[in-house]
Amino acid sequence: MNIKKLAAEKAVDWVEEGMMVGLGTGSTAAYAIEKIGERVKQGLHIRAVATSVQSENLARKWSIPIIPFAEVGEIDLTIDGADEVDPDLNLIKGGGGALLREKIVAARSRQVMIITGENKVVQKLGAFPLPVEVVTFAHEWTIEKLASFGCKPVLRQTKEGDIFKTDNGNYTVDCHFDVIEDAARLHHKLNNVPGIVDNGLFIRMASAVVVAYESGVIEVLRAPSRR
């Protein structure tokens, strides 16, 4: 059973006629884009913005109308995946390398629907390495500073052994914490470091999380009213 696909298709039920939709990045979000594409072919009229070049290309393949960011006001609904989800629906994102655009789109969205499998739901964030997007200039200093926060920072590389670059031309550092005791505090401290563009902690941004279980059960976790 493909639980990623199961969760993604359930989340797409929230997409309604005429919506402006944010399209996430990653393997789980790709299933949602494909399902939205199927509905578009069946007559659904929406407009969309994508959080990566990869997702934009997939959306165009499925004939989903992509709108330039300059023409987008508020986004009605964004559907995206997550690398970890805690009980307060705080997230670690960025495993797919698009955390900055994902966070910008989420911040412009009325609702952020996260799709994930049961293995991504944790009591405390941190087992998944926290991605941090950094500028290329003096990145060695930035990595040195990241180490002072108690993590093991690793500059992300491609499968070919080259330094991975985001769609924004920046580097990604994967920070191995094991456990993050205070995600909100760490988010604030990281983003105060010169050289750090943003980090993969999404604090109080998810409206709901669709969790798929190996048994086939779908659970929708709702955030407290806060958006």
Side-chain angles (χ1 to χ4, degrees), residues 7-8 11-26 28-33 35-37 39-40 44-60 62 64-85 88-116 130-135 166-170 172 183-184 187-188 190-192 196-210 220-227:
V12 173
D13 288 345
W14 273 266
V15 177
E16 298 178 358
E17 179 73 15
M19 273 187 169
M20 175 68 73
V21 180
L23 306 176
T25 293
T28 308
Y31 287 118
I33 294 171
K35 185 63 177 180
I36 292 170
R39 290 187 58 190
V40 167
L44 175 71
H45 295 91
I46 63 163
R47 297 180 299 162
V49 291
T51 55
S52 66
V53 173
Q54 179 185 40
S55 291
E56 181 174 336
N57 289 340
L58 181 59
R60 293 190 187 279
W62 282 91
I64 299 172
I66 297 294
I67 305 301
F69 281 92
E71 298 177 16
V72 176
E74 190 171 43
I75 299 166
D76 296 301
L77 173 68
T78 287
I79 299 177
D80 207 347
D83 299 303
E84 283 188 339
V85 181
D88 294 323
L89 304 195
N90 296 317
L91 318 169
I92 284 182
K93 289 177 51 55
L99 74 90
L100 179 59
R101 295 192 187 190
E102 288 173 337
K103 190 171 283 190
I104 291 170
V105 169
R108 293 289 295 179
S109 302
R110 292 177 183 174
Q111 295 186 80
V112 177
M113 181 72 66
I114 298 299
I115 45 181
T116 191
L130 174 66
V132 177
E133 187 160 337
V134 305
V135 297
T166 69
D167 288 342
N168 314 303
N170 298 317
T172 297
H187 175 273
H188 179 74
L190 288 174
N191 282 6
N192 276 339
I196 290 179
V197 182
D198 212 324
N199 70 85
L201 288 168
F202 283 53
I203 307 299
R204 299 171 63 87
M205 298 189 83
S207 307
V209 176
V210 179
V220 180
L221 307 177
R222 298 280 183 179
S225 180
R226 63 196 184 195
R227 290 188 62 81

Evaluate the side chain to side chain contact (heavy atoms under 4.5 Å, CB included) criterion for residues V134 and N170: first the C-alpha distance (whole Å), next the side-chain angles of each, then the deciding distance (0.1 Å), finally the verdict. CA-CA 6 Å; V134 305; N170 298 317; over 6 Å; no

Could you check R47 against M19 for side chain to side chain contact (heavy atoms under 4.5 Å, CB included), going step by step and ending with a plain yes or no? CA-CA 6 Å; R47 297 180 299 162; M19 273 187 169; over 6 Å; no

Could you give me the CA-CA distance, side-chain angles and deciding distance for H187 and F202, then say whether side chain to side chain contact (heavy atoms under 4.5 Å, CB included) is met? CA-CA 8 Å; H187 175 273; F202 283 53; over 6 Å; no

Give the intermediate values and the outcome of side chain to side chain contact (heavy atoms under 4.5 Å, CB included) for residues M205 and L91. CA-CA 8 Å; M205 298 189 83; L91 318 169; 5.7 Å; no

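Nearest heavy atom pair, residue A82 against residue I114, reads CB-CG2, 3.6 Å. Contact between V72 and V49 at its shortest, heavy atoms only, is CG2-CG1, 3.1 Å. Here the shortest heavy-atom pairing between S207 and R110 reads OG-O, 4.0 Å. Between A106 and V112 the shortest heavy-atom distance is O-CG2, 3.7 Å. Minimum interatomic distance between I115 and A32 (heavy atoms only, all atoms of both residues): CD1-CB, 4.0 Å. Scanning all heavy atoms of the two residues, the minimum distance from T25 to S52 falls at OG1-OG, 2.8 Å.
Looking at S55, its side chain does come within 3.5 Å of a backbone N or O of G24 through a donor-acceptor pair. Between the side chain of T172 and the main chain of V132, no donor-acceptor pair closer than 3.5 Å is present. Remark: side-chain polar atoms of R60 are not paired, donor with acceptor, to backbone N or O of P65 under 3.5 angstrom. Looking only at distances, a side-chain donor or acceptor of D167 sits under 3.5 Å from a matching main-chain atom of V53. Between the side chain of D76 and the backbone N or O of V21 there is no donor-acceptor pair closer than 3.5 Å. Under the 3.5 Å distance criterion, the side-chain polar atoms of D80 are left unmatched by any main-chain donor or acceptor of A29. In this structure a side-chain-to-backbone donor-acceptor pair under 3.5 Å is present from K93 to G81. Although no hydrogens or angles enter the test, the distance criterion places a donor-acceptor pair under 3.5 Å between the side chain of E17 and the main chain of H45. The closest donor-acceptor contact from the side chain of D198 to the backbone of L100 lies at 3.5 Å or more, if one exists at all.
Between the CG atom of L130 and the CD1 atom of I92 there is a distance of 5.0 Å, given to the nearest 0.5 Å. The structure places CZ of F69 at 6.5 Å from CD1 of I75, a figure rounded to the nearest 0.5 Å. Here I203 contributes atom CD1 and D88 contributes atom CG; the two are 9.5 Å apart, rounded to the nearest 0.5 Å. Rounding to the nearest 0.5 Å places CG of L23 at 12.0 Å from CD of Q54. To the nearest 0.5 Å, the span separating CG on N199 from CG on N191 amounts to 4.5 Å. Once rounded to the nearest 0.5 Å, the distance linking CG of L77 with CE of M113 reads 6.0 Å.
A donor-acceptor contact under 3.5 angstrom links the side chains of E133 and T166, judged on distance only. A donor atom on one side chain and an acceptor atom on the other are found under 3.5 Å apart for N168 and R101.
By the 4.0 Å N-to-carboxylate-O rule, E74 lies too far from R108 to be salt-bridged with it.
Taking 4.5 Å as the limit, every side-chain heavy atom of T116 sits out of range of all side-chain heavy atoms of V210. Between I64 and I46, some side-chain heavy-atom pair lies under the 4.5 Å cut-off. The shortest side-chain heavy-atom distance between W14 and V220 falls under the 4.5 Å cut-off.
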